[in-house]
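Heads up, the thing below is written out as structure tokens.
Index from 1, following the sequence.
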Amino acid sequence: MATAVPAERDAVARAFPGTTKEVRLPGVTLHRVDSSGYDLLAAGVGPALAAASTAAALTAAALAGAPYGLVVSAGIAGGFRPGAPVGSLVVADEITAADLGAETADGFLPVTELGFGAVSHRPPESLVRAASAATGARAGAVLTVSTVTGTATRADALRDRHPRALAEAMEGFGVAEAAGAHGVPVLEIRAVSNPVGPRDRAAWRIGDALAALTEGFGKLAPVLESWNPHDD
């Protein structure tokens with residue numbers, strides 16, 4: 001199953017030619033590509049809705065006796081310069097909730113340092129390597145945020161806390177939480193549409209990013225079909 005928001009879902013769908021039909025579930029609608037065996041889901045914006053939508057699809061599949069073997073979170077993202085320039089692809093080797101925690105007088109504390117919860121998921125290493133090699137994507141941390149970064153100060157703070165971060169988006173951790181609850185591996189791939197930093201709509205290249213995502217997913221499809229979870 002691949003999750004995205006509507007425009008990103010269409011970009012992913014173009015990588016799987018064939019007849020698509022809608023499958024309506026409580027709260028979500030899957031788009032099933034008959035020729036490929038993949039389901040596409042527009043999971044919504046933000047980690048909470050992404051988690052709820054993904055969990056609904058995973059639960060329905062499990063109850064039907066046909067559980068998913070992999071969940072892919074795909075979409076566009078902001079990229080941290082210089083590692084992830086606009087138009088490039090990033091595949092997550094770490095999916096981290098960057099703002100799940102508490103502000104203190106000494107700075108931000110993630111929930112793990114408060115003694116509860118988790119803030120990261122790690123996709124299967126062999127799948128990350130294969131996806132990166134096939135698509136040319138750089139592998140690194142992809143941050144999930146509930147508020148898109150719009151200042152240099154916040155961009156710098158995120159880089160200080162997460163020096164391996166290549167991109168930020170809004171859904172990956174929610175998707176990963178739902179997948180993890182079902183024991184299903186997860187992969188996140190992002191095409192960079194804008195730099196992380198001061199908000200500048202003139203610098204957005206959403207069309208270019210969606211084109212890169214379409215091309216990248218076309219190259220990723222054979223990897224997903226041949227990947228063996230027992231390699232990790």
For a quick test of your reading: what N or O donor-acceptor pairs under 3.5 Å do the side chains of residues 74-93 make, sequence neighbours left out?
residue: Ser88; atom: OG; partner: Pro85; partner atom: O; Å: 2.6
residue: Asp93; atom: OD1; partner: Arg164; partner atom: NH1; Å: 3.4
residue: Asp93; atom: OD1; partner: Arg164; partner atom: NH2; Å: 3.2
residue: Asp93; atom: OD2; partner: Arg164; partner atom: NH2; Å: 2.6

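Across Leu220 and Ala131, no two heavy atoms sit closer than the pair CD1-CB, 3.5 Å. The minimum heavy-atom distance between Ala50 and Gly44, with the atom names listed, is CB-O, 4.5 Å. Taking all atoms of both residues into account, the shortest heavy-atom contact from Tyr38 to Ala221 is OH-O, 3.9 Å. When all heavy atoms of Ala55 and Ala178 are compared, the pair lying nearest together is N-CB, 3.8 Å. Of all heavy-atom pairs spanning Thr112 and Ala118, the tightest one is CG2-CA, 3.9 Å. Across every non-hydrogen atom of Tyr68 and Ala57, the tightest pair is CE1-O, 3.6 Å.
Rounding to the nearest 0.5 angstrom, the gap separating the CG atom in Leu143 from the CD atom in Glu94 is 8.0 Å. Atom CG of Leu100 sits about 12.0 Å away from atom CG of Leu109, to the nearest 0.5 Å. Residue Leu213 holds its CG atom at 6.5 Å from CD1 of Ile189, rounded to the nearest 0.5 Å. Here Thr96 contributes atom OG1 and Arg122 contributes atom CZ; the two are 7.0 Å apart, rounded to the nearest 0.5 Å. Atoms CG and CZ, from Leu166 and Arg159 in turn, are 8.0 Å apart once rounded to the nearest 0.5 Å. For the atom pair Phe173 CZ and Ser73 OG, the distance stands at 12.5 Å (nearest 0.5 Å).
The only option from Val186, Val184, Val175 that meets the side-chain contact (heavy atoms from CB on, under 4.5 Å) definition with Thr54 turns out to be Val175.
Side-chain contact between Asp99 and Arg154 is present, with at least one heavy-atom pair separated by less than 4.5 Å. Counting heavy atoms from C-beta on, the side chains of Leu41 and Ser53 come closer than 4.5 Å. Residues Arg199 and Trp204 meet the side-chain proximity criterion, which asks for heavy atoms closer than 4.5 Å. Contact annotation: the side chain of Leu187 approaches that of Val128 to within less than 4.5 Å [non-hydrogen atoms, C-beta and beyond]. Between Asp39 and Val23, the closest side-chain pair of non-hydrogen atoms is not below 4.5 Å. A 4.5 Å side-chain heavy-atom check between Glu171 and Val45 finds at least one atom pair inside the cut-off.
In this structure, the side chain of Ser132 engages the main chain of Ala137 through a donor-acceptor pair within 3.5 Å. Between the side chain of Glu188 and the backbone N or O of Ile95, no donor-acceptor pair lies under 3.5 Å.
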